[in-house]
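Remember, it's a predicted structure, so these values are computed and weren't measured experimentally. Chain identifiers are assigned alphabetically (A, B, ...) following the order of the sequence lines, protein sequences preceding nucleic acid strands; residue numbering begins at 1 within each chain.
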Amino acid sequence: MEYKHLEIERKWQEEWQDSGLFLANKNTDKKKYYILEMFPYPSGRIHMGHVRNYAIGDVIARFKRASGYNVLHPMGWDAFGMPAENAAIQNNVHPREWTYANIEAMKSQLKQMGLSYDWAREIKTCDKKYFVHEQKFFLDLYNSGLAYKKESYVNWDPVDKTVLANEQVIDGKGWRSGAPVEQKKLSQWFLKITDFAEDLNNGLRALSNWPKKVLSMQENWIGKSSGALINFQLINSAETIEVFTTRPDTIFGASFIGLSPDHPISSQLAKKNSEVSGFIELCKSIGSSTEELEKADKLGMDTSLRVVHPYTKKEIPVYIANFILMGYGTGAVFGCPAHDQRDFEFAKKYKLEIVQVVSKTKSGHKLKEAYTEDGLMINSEFLDGLSTQEAQIKIISDLKNKGAGREAIKYKLRDWGISRQRYWGCPIPIMYLDDGTIVPVPEDDLPIELPDDIDWKQSGNPLDNHPTWKYTKCPHTGKPAIRETDTFDTFFESSWYFARFCSPNSETMFDDEYNKWMPVDQYIGGVEHAILHLLYSRFFVHSLNKLGKSKIKEPFDSLVTQGMVLNNGAKMSKSLGNTVDPEEIIERLGADTIRLFILFSAPVDKDLEWSDQGIEGSNRFVKRVWSFISKNTTLATNEFSKDFSTLNGEEKNLLIKIHKTTKKVTHDINNMQFNTAIASLMELLNSGYKFLEKNKNDNLVGFFLFQFLQLINPFIPHVSNELWSLTKYKEENINLIWPTWDDEIINKDEIKIIIQINGKTRGTLNYSSDINEESTIVDDVKNNKNLFKYLENKKITRTIYVENKLLNFIVK
RNA sequence: GGGAGCGUGGCGGAAUUGGUAGACGCACUAGAUUUAGGAUCUAGCGCCUUCGGGUGUGGGAGUUCGAGUCUCCCCGCUCCCACCA
């Protein structure tokens with residue numbers, strides 16, 4: 001019988017759709033399992049990265065469904081975003097039209113892959129039924145103080161003409177446009193993710209099923225560090241300068257105060273002094289990209305202000321320095337040249353004092369560069385002789401007593417700027433009165449929708465440019481008001497979509513179904529979201545928890561980040577011209593083949609090199625499955641006796657192998673080791689072919705294919721469903737059953753004992769499982785010519801016997 | 001500079017967690033079949049070898065009866081963050 005992949009695949013995709021097989025069940029006693037892959041941006045066509053992501057998720061979904069779980073496996077569209085707007089500008093097609101057409105195209109491609117989605121729960125984030133809830137949620141955040149507006153320097157992408165979050169700036173460039181990001185002072189909406197810095201940091205510890213890499217990236221991004229805040233009194237002024245340091249122990253080495261050019265004191269001075277303002281301009285002109293900063297010299301300017309050292313009472317100069325960041329700590333530091341490399345370089349350049357206060361030995365040593373390691377305190381009065389750690393504790397408590405400082409914890413994490421000056425996003429439900437008063441849109445007036453009539457030729461913010469849309473009236477006073485014309489960062493939508501899948505049609509953001517399905521048991525996606533999406537989503541659920549809307553704090557119990565799909569060593573991309581179109585492969589070789597290849601060729605978390613020959617190999621295997629089983633479907637049986645006495649050796653071995661493979665495939669899928677699961681199925685099929693060369697046992701072959709079809713089903717579901725339908729079990733749904741194994745049979749396997757002499761392997765001896773005694777083995781070795789020659793004329797001083805494994809003779 | 005991870009045949013990768021290194025697949029070689037090509041099937045396939053064996057998981061040391069696996073030092077690669085006080 002010929003393998004016609006197109007026919008079979010279409011047939012089963014329709015069958016699954018019509019029978020509603022993959023709909024998550026609302027009323028059932030089965031245990032829930034929520035499997036989710038990161039939803040795609042509807043760019044128009046699926047690429048190999050999607051194929052990989054969704055093939056992985058589908059194996060899990062099908063496996064769990066077959067294992068008796070009530071599976072939620074939904075799919076939707078991250079449908080707001082710049083590309084739709086760019087298409088509108090270039091082709092004068094409305095972003096909505098463009099997006100919906102893309103969704104239809106991609107949906108049909110996903111269906112061709114045979115993915116087991118519950119399409120009844122499909123969501124599109126650009127749908128007002130979706131975003132109305134996040135507008136409400138934003139108002140909740142606003143009312144509880146977790147959303148606020150402030151003027152500050154923000155990252156401005158001059159190409160996309162919008163503000164970007166810190167997380168969206170990669171190496172000083174916009175994450176989408178790649179354009180160097182500029183600093184612009186704007187009034188913007190922020191979410192107080194920093195309120196959750198400690199919680200988000202601690203929460204990482206509970207995420208034991210997340211990749212270490214992602215945990216460490218988030219930990220670094222949150223960037224917790226503990227130290228102290230110290231006040232330095234300005235001479236001839238009531239003011240103090242507060243600095244943050246992680247090394248309060250080095251305070252006796254302080255020889256200058258460094259202020260950020262953006263520090264309030266710097267700004268004040270600049271107003272009065274053109275030299276200062278000139279210097280600040282100079283600092284800003286140098287730019288902030290990585291390369292520029294690496295080359296940049298330490299620049300400083302003595303403000304002629306002086307502070308008093310809280311202990312030595314010496315006068316210390318205050319400098320404005322280009323390497324002090326306003327965004328971290330207090331924007332001011334005390335410079336300790338002996339123990340900080342930046343301060344060291346700065347002190348050399350401006351001829352400032354370098355006082356060593358930490359030393360490897362008690363006497364100190366010559367410093368060619370800053371000594372940043374721990375050591376013993378010297379030149380530090382009452383701290384002398386203490387270790388770094390002891391000194392830190394002592395100095396903090398002393399500072400506290402003096403009222404000059406205190407213990408403090410700082411984070412690198414900044415609040416999340418969510419305003420975007422773009423059209424194709426969710427409008428921010430806020431309006432402003434003439435005097436600038438902020439008025440939240442009343443809930444009843446939601447959703448605030450986007451206007452359709454946009455002039456795409458005009459540059460700038462389309463909502464702001466619109467002739468009428470922004471003009472409205474205050475709902476309370478009737479006074480004229482102007483709508484907020486910015487939209488949300490599209491990461492706002494993707495930070496809670498997993499919750500919406502639980503009850504996609506709920507009148508509220510989500511309902512009781514949320515508590516039933518959440519958290520997501522297994523989440524799968526690209527590592528590029530390690531910080532952005534995964535941190536924001538965690539933040540949303542933490543804040544939902546704080547607002548009493550969620551019982552849980554962490555949305556994703558287990559996470560897998562799949563590797564990239566490469567071609568010729570590089571990520572597939574249009575610009576490199578090395579893309580391979582999944583649809584073409586599906587048409588030519590079948591969805592089963594492409595799924596199998598992509599799961600077999602590399603472990604899920606590693607990059608995968610595309611291979612034209614490799615996919616042919618996978619196709620060969622699918623065809624071998626087809627030809628072996630299609631010839632024997634009528635033999636299928638679930639009954640096979642445990643009685644070994646009637647079996648010959650090869651029958652026995654095949655039976656054991658079937659059970660072993662069943663156990664291994666089950667184990668491997670549970671551990672996301674699809675490549676080895678498939679390899680063991682290939683081995684089993686090879687054994688099947690070998691067996692038939694010399695044997696005939698219809699009952700055993702029938703049992704073989706009964707087990708094999710179920711085991712292979714999550715990987716190549718169309719082929720297995722079709723072949724299953726040709727067996728007498730066709731009334732039983734193969735997608736809802738999973739085979740079992742019998743350890744008793746597995747244990748009847750022959751045991752190979754490795755024979756070593758002085759730790760070197762010299763051979764093996766085989767035993768049936770019930771005859772396996774050290775003394776027997778020793779005798780057998782002595783009676784074995786090939787092995788005994790290593791023992792002849794030698795004295796055995798020791799034997800090491802590991803049950804069921806090996807026997808090692810130590811001889812002289 | 002800080003952090004995380006990884007080094008196994010020509011290639012992608014296995015190795016029940018300390019017990020026969022190289023499963024499975026790709027490529028390659030030989031043979032069968034075929035008018036030919038393709039497809040399919042069979043056999044071989046780390047390196048060296050005097051065919052006894054020797055050697056081999058980036059390099060070096062160590063622990064152990066035994067190390068790809070554990071410890072230490074070095075070398076190399078990848079990713080993330082980065083003038084973060």
remark   = Here the distance between atom C1' of B:A14 and atom CG of A:Asp668, to the nearest Å, is 11 Å
request  = Give A:Ile810 one of three labels, base, sugar-phosphate or nothing, depending on what nucleic acid heavy atoms sit under 4.0 Å from its own.
outcome  = sugar-phosphate
No-hydrogen, no-angle side-chain donor-acceptor test under 3.5 Å, A:Trp221 and A:Glu167 = yes
Between protein and nucleic acid, restricted to nucleotides 47-54 of chain B and to nitrogen or oxygen atoms under 3.5 Å apart, what atom pairs and distances do you find?
{"unit_1": "B:G54", "atom_1": "OP1", "unit_2": "A:Arg762", "atom_2": "NH2", "d": "3.4"}
{"unit_1": "B:G54", "atom_1": "OP2", "unit_2": "A:Arg762", "atom_2": "NH1", "d": "3.4"}

query = Hey, does A:Asp607 reach any base, or is it just sugar-phosphate, or nothing, if we go heavy atoms under 4.0 Å?
reply = sugar-phosphate
message = Any base atoms under 4.0 Å from A:Gly617, or only sugar-phosphate, or nothing? Heavy atoms, all strands.
response = sugar-phosphate
message = With a 4.0 Å cutoff (strictly under), does any side-chain N or O of A:Asn675 reach OP1 or OP2 of B:A14?
response = yes
request  = Would you mind pulling out the nucleotide paired to B:G76, Watson-Crick or G-U wobble, both distances under 3.5 Å?
outcome  = B:C6
task = State the pairing partner of B:G31; accept Watson-Crick or G-U wobble contacts with both distances under 3.5 Å, and report none otherwise.
result = B:C41
key: Spacing of A:Tyr319 atom OH relative to B:C83 atom C1', expressed in whole Å   = 18 Å
ask   = Of the candidate nucleotides B:C81, B:A85, B:C41, which contains the atom at the shortest distance from the side chain of A:Arg624?
value = B:C41
key: Whole-Å distance separating the CZ atom of A:Arg798 from the C1' atom of B:C65   = 5 Å
query = With under 30° as parallel and over 60° as perpendicular, where do the rings of A:Phe252 and A:His309 fit, or are they tilted in between?
reply = tilted
query = Is there a donor and acceptor pair closer than 3.5 Å between the side chain of A:Lys213 and the base of B:C80?
reply = no
key: Electrostatic pair A:Arg247:A:Asp340 at N-O distance under 4.0 angstrom   = no
request  = Kindly assign one of parallel, tilted or perpendicular to the pair A:Trp626 and A:Tyr3, based on the angle between their ring planes and the thresholds 30° and 60°.
outcome  = tilted
key: Residue list, salt bridge (Lys or Arg N to Asp or Glu O under 4.0 Å) with A:Asp374, at least two apart or on another chain   = none
task = Indicate whether OP1 or OP2 belonging to B:G25 is found under 4.0 Å from a side-chain N or O atom of A:Asn686.
result = yes
task = Using a 4.0 Å heavy-atom cut-off across all strands, classify A:Thr246 as base, sugar-phosphate, or nothing.
result = sugar-phosphate
task = In whole angstrom, give the distance that lies between atom CD of A:Glu528 and atom C1' of B:U78.
result = 16 Å
query = Looking at A:Lys212, does any N or O in its side chain come under 4.0 Å of the phosphate oxygens OP1/OP2 on B:G5?
reply = yes
ask   = OP1 or OP2 of B:U40 less than 4.0 angstrom from a side-chain nitrogen or oxygen of A:Arg620, does that happen here?
value = yes
ask   = Which part of the nucleic acid, if any, lies within contact of A:Ile324, taking any heavy atom under 4.0 Å across all strands shown: a base, the sugar-phosphate backbone alone, or nothing?
value = base
ask   = Hey, does A:Ser225 reach any base, or is it just sugar-phosphate, or nothing, if we go heavy atoms under 4.0 Å?
value = sugar-phosphate
request  = Kindly say if A:Ser680 contacts the phosphate of B:C24, meaning a side-chain N or O under 4.0 Å from OP1 or OP2.
outcome  = no
ask   = According to the interplanar angle, ranging from 0 to 90°, do the rings of A:Tyr350 and A:Tyr319 count as parallel (below 30°), tilted (30 to 60°) or perpendicular (above 60°)?
value = tilted
query = For A:Met217 and B:U78, what is the distance between atoms CE and C1' respectively, to the nearest whole Å?
reply = 13 Å
key: Base-pairing assignment for B:G22 (Watson-Crick or G-U wobble, both under 3.5 Å)   = none
key: Counterpart base for B:C84, defined by Watson-Crick or G-U wobble contacts under 3.5 Å   = none
Interface polar pairs with nucleotides 15-19 of chain B, N/O, under 3.5 angstrom:
{"unit_1": "B:G19", "atom_1": "N2", "unit_2": "A:Gln756", "atom_2": "OE1", "d": "2.8"}

query = On RNA chain B, nearest-nucleotide positions of A:Asn758 versus A:Ala602: which is more 5'?
reply = A:Ala602
ask   = Is it true that the NZ or CZ of A:Lys224 lies under 6.0 Å from the centre of A:Tyr411's six-membered ring and within 45 degrees of the ring axis?
value = no
